[in-house]
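Notes for the one structure printed next.
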Amino acid sequence: MALTELKGRPLGTQRVVVERGPVRVFAQALMDDDPVYRGDAAPVPPTFPFVMPYWGSLGEGGAAGLPIENLRGKGRAILHGEQEFVYHGGRWPHVGDVLVGDGVISDVYEKERSDGGKLEFYVTETTWKDERTGEPVVTSKFTLTIVCRPGADEPKPLSS
Amino acid sequence: MSAASDDGVKVGDERTEEFPALTRTMFVRYAGASGDFNPMHHDDTIAQQVGNPSVFGHGMLTMGLAARVVKDWFGAESIRRLQVRFSKQVWPGDVLRCTARVSGEREEGGERLVDLDLVVENQNGDKAITGTATAAVS
């Protein structure tokens with residue numbers, strides 16, 4: 001059985017600064033030379049929120065992840081299955097923003113597979129807000145999919 | 001500026017962008033830009049040890065390219081929602097075609113929105129990702 005008791009578990013708070021250099025480098029990695037990404041107040045590319053914790057962390061707070069060691073096992077293939085971003089109210093993230101993100105394990109569920117195996121889904125959601133105004137800016141929703149072959153190990157129980 | 005707002009869009013309209021054949025250098029560049037240094041994306045030796053023919057691209061690189069089609073069409077700050085499912089890996093040499101197709105139009109919160117279906121296919125027509133997006137039309 002998927003570790004449904006994880007549903008609702010908070011993952012902590014992160015604080016990031018959106019910096020100019022990383023935004024340009026990220027756009028270049030997507031082969032996008034649009035000059036819009038070169039300014040002091042440039043908008044971020046649409047998928048940049050996924051990498052904000054890597055570039056922008058101030059070494060304060062920080063988010064826990066899924067308990068990945070509990071999810072590994074024989075016959076269990078762990079994949080980044082789905083990804084979603086919701087950009088709130090047209091308040092697009094820009095260079096210079098200071099954003100605070102609260103993470104939560106928002107959903108855990110499973111589905112049967114026709115081969116007798118199953119799929120487990122672990123969804124984490126981080127909502128980033130403007131630190132100054134509290135306005136929600138962008139929500140990133142990450143779905144870890146575990147493809148379990150028939151007879152695969154079950155996840156290891158949580159210790160706490 | 002590529003921020004081409006287009007008030008004439010209608011259901012069924014579509015845009016496609018084709019990207020240059022993927023290279024290991026592109027994967028390394030994305031690794032550096034994203035902080036994702038999973039060796040499956042840059043170290044052939046390790047990728048082959050676990051049964052892959054070679055390194056393969058980051059799913060988030062493919063999603064970033066899919067997002068470009070919507071961004072190039074409707075503008076850098078136009079997207080309101082973007083969702084994908086990763087279905088197939090992408091490999092060095094793959095030529096990716098990203099297509100966005102208008103599936104609906106509506107008004108919400110004082111904005112005119114278009115809903116889009118997204119697909120990224122390789123040169124054989126295999127779908128690497130499928131998804132949906134919503135963009136504001138100015």
Side-chain angles (χ1 to χ4, degrees), chain A residues 16 21-39 41-57 77-95 119 121 123 136-145 147, chain B residues 1-3 17 19-20 22-23 25-38 50 58-72 74-89 96 98 108-111 113 129-136 138:
Chain A
V16 302
V23 164
R24 179 152 169 248
V25 164
F26 189 81
Q28 285 173 335
L30 298 175
M31 296 167 265
D32 193 341
D33 56 8
D34 191 329
V36 75
Y37 294 125
R38 286 184 212 151
V44 305
T47 59
F48 188 79
F50 195 79
V51 307
M52 288 193 308
Y54 171 68
W55 279 113
S57 163
I78 300 180
L79 311 167
H80 184 185
E82 297 175 37
Q83 180 65 37
E84 178 173 357
F85 300 99
V86 176
Y87 311 88
H88 298 283
R91 195 314 194 170
W92 196 266
H94 286 81
V95 169
L119 297 165
F121 299 89
V123 184
V137 176
V138 59
T139 297
S140 174
K141 190 171 159 185
F142 171 94
T143 302
L144 193 82
T145 304
V147 183
Chain B
M1 290 287 285
S2 65
E17 290 186 31
F19 293 95
L22 296 174
T23 66
T25 301
M26 289 176 192
F27 300 165
V28 169
R29 190 178 268 253
Y30 189 80
S34 66
D36 183 346
F37 292 101
N38 181 337
V50 296
H58 305 73
M60 289 303 297
L61 167 58
T62 309
M63 185 180 188
L65 298 178
R68 271 198 54 189
V69 181
V70 184
K71 168 253 167 190
D72 290 342
F74 295 101
E77 302 185 24
S78 65
I79 303 178
R80 298 291 175 262
R81 199 182 69 85
L82 178 67
Q83 169 272 327
V84 303
R85 177 176 292 182
F86 301 100
S87 40
K88 246 184 164 351
Q89 288 149 308
L96 299 183
C98 305
E108 196 180 292
E111 288 190 307
L113 302 176
I129 68 179
T130 54
T132 56
T134 299
S138 50

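Each chain gets a letter, A, B and so on, in the order its sequence line appears, and its residues count up from 1. All of these numbers come straight from a predicted model, not from anything done at the bench.
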inquiry  = Let's go through A:Gln83 and A:Phe142 carefully: what are the C-alpha distance in whole Å and the side-chain angles of both, what is the deciding distance for side chain to side chain contact (heavy atoms under 4.5 Å, CB included) to 0.1 Å, and is it a yes or a no?
reply    = CA-CA 5 Å; A:Gln83 180 65 37; A:Phe142 171 94; 3.6 Å; yes
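- In this structure, the ring of A:His80 has its center less than 6.0 angstrom from the ring center of A:Phe50.
- Nearest heavy-atom pair across B:Ile79 and A:Trp92 is O-CZ3, 3.1 Å.
- Minimum interatomic distance between B:Phe37 and B:Gly32 (heavy atoms only, all atoms of both residues): CZ-CA, 3.8 Å.
- When each of A:Pro43, A:Pro46, A:Gly81, A:Pro45 is scored by its heavy-atom pairs under 4.5 Å with chain B, the top score falls to A:Gly81.
- Contacts between B:Arg68 and chain A at a heavy-atom distance below 4.5 Å involve the side chain alone, from C-beta outward.
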Requested in this report: Start with the C-alpha gap between A:Tyr37 and A:Val95, add the side-chain angles, then the distance that decides, and say whether side chain to side chain contact (heavy atoms under 4.5 Å, CB included) holds.
Outcome: CA-CA 9 Å; A:Tyr37 294 125; A:Val95 169; over 6 Å; no
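- Interface check for chain A: of the options B:Arg29, B:Met26, B:Arg85, B:Arg80, the most heavy-atom pairs under 4.5 Å are formed by B:Arg80.
- In terms of heavy-atom pairs under 4.5 angstrom with chain A, the leader among B:Glu108, B:Met63, B:Glu111, B:Met60 is B:Met60.
- With a 4.5 Å cut-off on non-hydrogen atoms, A:Tyr54 touches chain B through its side chain but not through its backbone.
- Neither the backbone nor the side chain of A:His88 has a heavy atom closer than 4.5 Å to any heavy atom of chain B.
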